[in-house]
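Each chain gets a letter, A, B and so on, in the order its sequence line appears, and its residues count up from 1.
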Amino acid sequence: MADPPATDRRVGTAVLVAVAWPYASGSRHLGHLAGAYLPADIFARHQRLVGNRVLMVSGSDVHGTPITVRADAEGVAPADIVDRYHAEFVADWQRLGISWDLYTSTGTENHAAVTQDLFLRLLANGHIDRRSSDQYFDAAAERFLPDRYIEGTCPHCGYVEARGDQCEDCGRTLDPEELVDPRSKISGSMPELRSTEHFYLRLSDFTEELGKWLDSREGWRRHVLNFSKGWVDEGLKDRAITRDLDWGIELPVDDLGPGKRIYVWFEAVIGYLSAAKEWAQIQGDPEAWRDWWEDPEARAVYFIGKDNIPFHTIIWPGMLLGYGGLNLPDDVPANQYVTFKGGKASASRGVGLTIGEGLGLFEADSMRYALAAALPEQSDTDLSVEEIGRRINEELVATWGNLVNRVLSMVHKNCGVVPSPEGRTDGDLAVLESVDAALVRSTEQVERVELRAALRTGMDAAAEVNAYLNTTEPWKLVKSDAERARVVLGTALAAVAGVRVALSPYLPFSTAALDDVLGPVKSWERLEPVVGAPVPKPIPLFAKVDLEALLSGDDREEEGVDTE
RNA sequence: GGCGACGUAGCUCAGUUGGUGAGAGCGCUCGACUCAUAAUCGAGAGGUCGACAGUUCGAAUCUGUCCGUCGCUACCA
């Protein structure tokens with residue numbers, strides 16, 4: 001490469017890799033993984049190898065009505081639900097090799113403090129105000145009711161168990177006042193409308209500024225920009241920040257009376273900032289977060305699913321503008337959806353696989369490959385167990401796994417150690433140059449967050465090395481010209497080492513499995529293997545998937561496991 | 001209802017601001033090879049780019065209508 005990657009982590013550009021906060025209300029599925037966590041990890045791993053200073057943060061989103069609803073349904077405390085799924089997420093990330101710099105939660109004291117700081121600053125700057133409205137009040141329980149805590153008959157379809165925010169039967173969104181015969185989910189009594197006060201974020205203050213900001217964005221995905229501009233063009237509406245809940249972050253002011261908390265949509269996005277501060281504290285350098293949030297040279301890339309777009313392109317930037325002095329997102333490469341047999345993945349509806357279920361069927365790297373090859377970067381992508389298995393067997397194992405295996409086998413058998421690079425012909429050098437070119441090309445693609453294409457680039461390079469072997473036929477040379485055979489095998493091994501770098505962000509476990517022979521991958525460049533290093537008989541990097549067994553298993557009932 | 005997206009080879013998808021004969025991977029057919037997880041390499045077949053109309057010298061790409069799929073619609077985040 002033209003510019004050798006910096007090895008000093010303090011030299012490169014500061015890159016904040018901000019990843020959607022998974023809601024600790026149920027298991028996450030492969031759609032979430034392909035939508036945010038996997039692409040973020042691939043991007044972060046690549047950025048580290050090119051020498052940038054990556055800070056990749058996220059955490060479990062532990063507040064919000066769905067969690068309290070679920071806790072009530074199970075007769076446990078919200079914290080029990082949160083603890084269960086937070087632990088599950090942490091285990092998922094570990095098994096998947098998601099390389100967080102910090103994975104925390106919104107349940108920390110630090111997060112509450114940062115949230116309250118933002119609230120107070122926005123309040124002081126005039127971007128938050130108080131408004132009163134009529135809301136349903138449960139006299140028996142002596143509390144106001146969030147929309148989800150009200151049930152009634154849907155005015156559109158007559159469904160008797162419609163929720164205050166949406167009718168599950170006909171799918172229409174509702175206002176609670178529209179419900180016929182409203183009932184409190186807490187006491188079952190008929191709620192009454194009472195006046196109550198809440199704080200509102202004056203998003204409308206930022207309509208013009210956000211519009212200009214969005215117009216100035218370059219390289220953003222079309223659907224992200226269209227959707228965001230659509231919101232601005234319609235006119236931004238002020239949003240209530242607080243809710244009548246006792247599960248959530250407390251207000252730093254007490255003038256609304258008891259029973260009001262800051263609601264999730266406002267505080268969850270603040271997690272990106274609070275996590276950076278928490279990370280800095282853990283590092284023993286409490287001011288270190290400023291490198292990512294205040295330095296204008298720093299980059300911030302937010303990995304989310306498309307359902308989260310307005311929160312990251314409108315609301316969070318609006319909050320940051322109102323706060324002042326902090327970096328706005330540089331890119332929000334929101335992914336579309338993964339569908340399963342045409343339907344949106346949803347654990348609650350039993351569509352698709354949870355991450356845990358996926359890991360029960362496939363090796364982590366294999367599943368990472370299959371999902372990365374099908375990332376819904378431009379449009380929804382349809383997946384199935386068969387499709388994942390096919391990708392693994394016919395692409396990953398056949399092209400890359402087999403290449404590594406055939407090269408290592410021949411080197412082991414005929415040389416026993418890494419051969420010297422001396423004596424390479426133009427043809428030998430050409431294959432190495434094509435691998436180097438692939439590394440340059442895939443960097444350009446990753447910079448644009450075209451991760452599918454960058455994976456393809458790496459796989460194409462692997463195919464070129466396969467073609468090189470078929471042309472040079474080292475298995476014949478070992479009988480006719482042993483010296484030439486050693487040169488060819490050494491070249492092939494060096495090429496494999498380079499392809500391995502290109503694929504390493506996608507395949508961390510199998511990459512590390514080659515450390516003993518090829519050395520650890522520390523930078524985004526093709527390094528010659530150490531001459532004379534022993535090359536033992538190889539173990540296949542990936543197991544083939546038994547598709548028939550999977551298909552018979554796929555017919556079994558897939559039970560929904562949770563709400564979303 | 002409103003907004004947005006999508007509908008391109010058997011399957012999953014790419015196709016920057018409209019312009020050499022429409023692409024990739026996989027599958028399929030034929031051939032080569034046999035070191036390698038029956039893997040690899042080469043060649044080839046296969047699509048009137050959802051339908052219709054329009055703008056243009058020229059449209060998969062722009063406009064309109066229609067058909068179909070999906071998402072969002074601000075208290076799920």
Any base atoms under 4.0 Å from [X], or only sugar-phosphate, or nothing? Heavy atoms, all strands.
X: N414(A); value: nothing
X: V397(A); value: base
X: W231(A); value: base
X: P540(A); value: base
X: E450(A); value: nothing
X: A463(A); value: sugar-phosphate
X: L408(A); value: nothing

Nearest to the [X] side chain among [options], which nucleotide is it?
X: Y337(A); options: G71(B), U40(B), A36(B); result: G71(B)
X: W475(A); options: C3(B), C35(B), C41(B); result: C35(B)
X: N226(A); options: A5(B), U12(B), A36(B); result: A5(B)
X: D382(A); options: C76(B), U12(B), A36(B); result: U12(B)
X: A467(A); options: C13(B), A5(B), C41(B); result: C41(B)
X: S409(A); options: A36(B), C13(B), C11(B); result: A36(B)

At less than 4.0 Å, is any side-chain N or O atom of [X] found next to OP1 or OP2 of [N]? Yes or no.
X: K476(A); N: U34(B); value: yes
X: R239(A); N: C75(B); value: yes
X: R456(A); N: G23(B); value: no
X: K229(A); N: G4(B); value: no
X: S379(A); N: U69(B); value: no

TODO: Could you tell me which nucleotide pairs with U17(B) by Watson-Crick or G-U wobble geometry, both distances under 3.5 Å, or answer none if nothing does?
DONE: none
- [ ] Under a 3.5 Å limit for both distances, which nucleotide forms a Watson-Crick or G-U wobble pair with A43(B), could you say?
- [x] U29(B)
Open item on the list: Could you check whether the side chain of N405(A) and the base of U37(B) have a donor-acceptor pair of N or O atoms closer than 3.5 Å, going by distance alone?
Closed with: no
Open item on the list: If you go through the side-chain atoms of N402(A), does one of them form a donor-acceptor pair with the base of A36(B) closer than 3.5 Å?
Closed with: yes
Shortest non-hydrogen contact between [X] and [Y], atoms and distance:
X: W247(A); Y: H63(A); result: NE1-CA, 3.6 Å
X: A268(A); Y: T106(A); result: CA-CG2, 4.5 Å
X: A492(A); Y: L469(A); result: CB-CD2, 3.8 Å

What's the [atom1]-[atom2] distance between [X] and [N], to the nearest Å?
X: L375(A); N: U12(B); atom1: CG; atom2: P; value: 17 Å
X: R452(A); N: A14(B); atom1: CZ; atom2: P; value: 5 Å
X: K413(A); N: U34(B); atom1: NZ; atom2: C1'; value: 11 Å
X: E464(A); N: U40(B); atom1: CD; atom2: C1'; value: 14 Å
X: D380(A); N: G71(B); atom1: CG; atom2: P; value: 9 Å
X: Q336(A); N: C6(B); atom1: CD; atom2: P; value: 8 Å

TODO: Starting from the 5' end of RNA chain B, give me the residue, N470(A) or A240(A), whose nearest nucleotide shows up first.
DONE: N470(A)
Task: 5′-ward residue of the pair Q378(A)/A268(A) relative to RNA chain B - done: Q378(A)
Open item on the list: Can you confirm whether Y85(A) sits close enough to S60(A) that some side-chain heavy atom of one is under 4.5 Å from a side-chain heavy atom of the other?
Closed with: no
TODO: Would you mind telling me which of R143(A), K260(A), R148(A) makes a salt bridge (charged side-chain N to carboxylate O under 4.0 Å, His left out) with D244(A)?
DONE: K260(A)
Task: Lys/Arg cation over aromatic Y506(A): R368(A), 6.0 Å, 45° cone - done: no
